[in-house]
Amino acid sequence: MGGFGLNGSDEEGIATRLWNKFKNERVSVLYSPFIICLASGTLDSHTFLHCISQDVYFLQAFAQAYELAEEYADDDEDKEAITKLRKRVLKRLRNLDTLIHEWGFESPKESMCQTATVKYTEFLLETAAGKVGGEKFPGKIVTPFEKTKIAAYTLSAIAPCMRLYNFVSKEILALLDPEESKHIYKKWLNSLSSEKFEASAGRIEVMLDKLSVSLTGEELEVVERLYHQAMKLEVEFILTQPVVNRTIAPVSQLYNSAEENLIIFCDFDLTCTAIDSSALLAEIAIVAASKADLSGGETQSSQMSSADIRMMWSNHFSQYIEEYEQCTESIMPNEAVKGLDYEGLSKAVEQISNFEKRANSRVIDSNLLRGLNLTDIIRAGEHLTFQDGCKQFFKDLMKSETCATDFHVLSYCWCDDLIKSAFSSGDLCVPNVHSNCLVYEESISTGNMIQKLESPMDKLGVFNDITKGSTNDSKPLTVYIGGSVGDLLSLLKADFGIVFGLSDSLTKLGSRFGISFVPLFSGLVNKQRELDVSGCLNLIGSSGVLYTVSSWDEINTFILGAKQVPPY
């Protein structure tokens, strides 16, 4: 689920824009222990009631904030809309005990306002009173413009909270059977995803859009900052709920023993990076040839110009794509099988392995990689564009004090130096790199390659060697992150095979051999149920289930957990 349109319009208002901009915060919520246990129906009822008990303080703060915003509203229509929102909050506050009974629980006899609740409610009421950092409101707020501005600021501090609860409840309900009646929190989830609740969230967003129209660019930046801070504080509230269950996430803390370490395997091209390394190396080769043209020096071949080399690269890539499609089509079963056919998939993938090796041999025989300067390769690696959130994950991995992690990159890349330089730039966790290597003479490539890792079978071999060679007495927990057909066998062998950026060829081939592709959040909810019922996880490789993600934020939060909110 993404952002929500306003009144069915294609035009994006500031509320929708900000909701979409700060999507990584809602990822933190979904993968939090509290929400995963809630979604699985295994959350301890005392934990749930403790969370619900905080509603009193939130609703009281909302009512006060609406009252101030109502006073600031200069337009009668705006004033009436805010009044309705305040009355709904007061009604929910009066009926809270009744609602809790309807959800199937007894109201808590007493509750203490927890620290995270205090942080948000104080932030909201200070904002509603005009105490906004960077803004000065001397004396009483009297002018219509000042009033409109403060009303907008107040709604920006409320809007993300309403939308976040609506979003989370819908995400969870989407996993449940509509006829499901045993889930003890379903009535509460239904109330947060109801048309009435969503309508209230939508009205706040519409009001925020309307009040923000007259604001300057500087003031809109304040709206964005307040919206983001409100979102972070609400996330902190959820993250700090006291969960007593042993939880599947973050997976780095699943085992308490330092001996039961975590091994992370990762593909490189288009999983970590935004571009394919072969295309980048081709461009470096073409640029080197162009420099040789200008200086009258030697190119890859003294008979070829840079234009000739560019054409050769273009022909190589065209041939590769055409033959790859033919190869994958030829190994595709006529009909999908029921249940994982790992042996059949292995035999099929062997044909892809042979194809990949032939393609590499053509590159070597054609001397296309001759003349590349190691300095240029390292410089290109240092400036290589990563997928959004990928670099942050590796930075967090390196800084993690709780995660005893062994990290390996398995790649078909022709040049391991390119990968090493990409990870050595900045404050990144430098992995063990398993890839091919260019051959150099005085830092200039000869065109030859040491062919270490060229195929799906090679990747699987490295994966098996590392896991079998673990020095721990107990089996380490393994996570493999990949996105291509070449990763399939290794993905299936890992305890958690995570597919980033699900490709059509991977989906089609995998499905034909009985592989199920399940969104990671959904898969973790199922694993949490299993963990609570049996007390242990059934982490058997080749289960036939792979977990899909659309962002590195999901991977980061699943493995390392959400980061705490800094003070505001």
Side-chain angles (χ1 to χ4, degrees), residues 265-271 276-279 281-282 312-337 340-369 408-416 418-419 433-439 447-466 480 482-494 497 499 503-515 541-542 544 546:
F265 300 88
C266 188
D267 181 35
F268 184 66
D269 287 327
L270 302 181
T271 297
D276 190 281
S277 64
S278 58
L281 289 168
M312 286 183 68
W313 273 115
S314 177
N315 292 338
H316 166 74
F317 287 127
S318 296
Q319 183 180 358
Y320 177 89
I321 292 170
E322 182 180 350
E323 291 183 2
Y324 178 81
E325 290 175 351
Q326 291 173 355
C327 180
T328 53
E329 193 63 35
S330 69
I331 64 175
M332 204 80 67
N334 293 327
E335 295 182 1
V337 298
L340 176 65
D341 179 10
Y342 191 83
E343 184 179 349
L345 177 63
S346 297
K347 290 180 179 178
V349 166
E350 282 182 12
Q351 296 184 47
I352 295 179
S353 296
N354 295 332
F355 159 76
E356 293 286 2
K357 290 178 180 180
R358 288 196 302 272
N360 279 348
S361 294
R362 283 201 302 269
V363 172
I364 295 169
D365 293 342
S366 64
N367 269 334
L368 280 170
L369 291 171
H408 299 262
V409 166
L410 281 59
S411 175
Y412 292 170
C413 178
W414 296 323
C415 179
D416 60 344
L418 182 70
I419 300 175
V433 175
H434 308 269
S435 186
N436 303 299
C437 309
L438 292 182
V439 177
N448 288 327
M449 183 197 311
I450 301 174
Q451 296 155 275
K452 292 183 177 181
L453 202 152
E454 302 180 277
S455 70
M457 308 309 294
D458 290 343
K459 283 193 173 185
L460 181 62
V462 172
F463 177 91
N464 287 334
D465 289 344
I466 293 169
Y480 192 104
S484 70
V485 170
D487 297 309
L488 263 178
L489 297 179
S490 302
L491 283 164
L492 289 166
K493 282 291 184 181
V499 180
S503 70
D504 290 339
S505 58
L506 180 69
T507 310
K508 187 176 179 181
L509 183 65
S511 299
R512 288 290 181 92
F513 282 97
I515 297 174
S542 304
L546 298 180

To check you understand the geometry: which heavy-atom pair defines the closest contact between [X] and [Y], and what is its length?
| X | Y | value |
| --- | --- | --- |
| G483 | T271 | N-OG1, 3.5 Å |
| C415 | L281 | CB-CD1, 4.0 Å |
| L491 | G482 | CD2-N, 3.9 Å |
| Y342 | L489 | OH-O, 3.5 Å |
| G486 | Y412 | CA-OH, 3.4 Å |
| S484 | D267 | OG-OD2, 4.3 Å |

Do [X] and [Y] touch side chain to side chain, with heavy atoms closer than 4.5 Å?
| X | Y | result |
| --- | --- | --- |
| I515 | L340 | yes |
| Q319 | R362 | yes |
| L453 | S411 | no |
| S278 | W414 | yes |
| L369 | M449 | yes |

I would like to know whether H408 and V462 meet side-chain contact (heavy atoms from CB on, under 4.5 Å); could you show each step before the answer? CA-CA 10 Å; H408 299 262; V462 172; 5.9 Å; no
Atom [atom1] in [X], atom [atom2] in [Y]: separation rounded to 0.5 Å?
| X | Y | atom1 | atom2 | result |
| --- | --- | --- | --- | --- |
| N354 | Q351 | CG | CD | 7.5 Å |
| F317 | M312 | CZ | CE | 12.0 Å |
| F463 | H434 | CZ | NE2 | 11.5 Å |
| L488 | L460 | CG | CG | 11.0 Å |
| C437 | L418 | SG | CG | 12.0 Å |
| M457 | E350 | CE | CD | 5.0 Å |

What residues, two or more places apart in sequence or in another chain, satisfy side-chain hydrogen bond (donor to acceptor under 3.5 Å, both in side chains) together with [X]?
| X | result |
| --- | --- |
| T328 | none |
| Q451 | E454 |
| D458 | S455 |

Checking [X] side chain against [Y] main chain: does a donor-acceptor pair fall under 3.5 Å?
| X | Y | value |
| --- | --- | --- |
| D416 | S435 | no |
| N436 | C413 | yes |
| R512 | P333 | yes |

Which of parallel (below 30°), tilted (30 to 60°) and perpendicular (above 60°) describes Y320 and H316? tilted
Are D487 and Y480 linked by a side-chain donor-acceptor pair shorter than 3.5 Å? yes
Does NZ or CZ of K459 fall inside the cone over F265's six-membered ring, less than 6.0 Å from its centre and within 45° of the axis? no
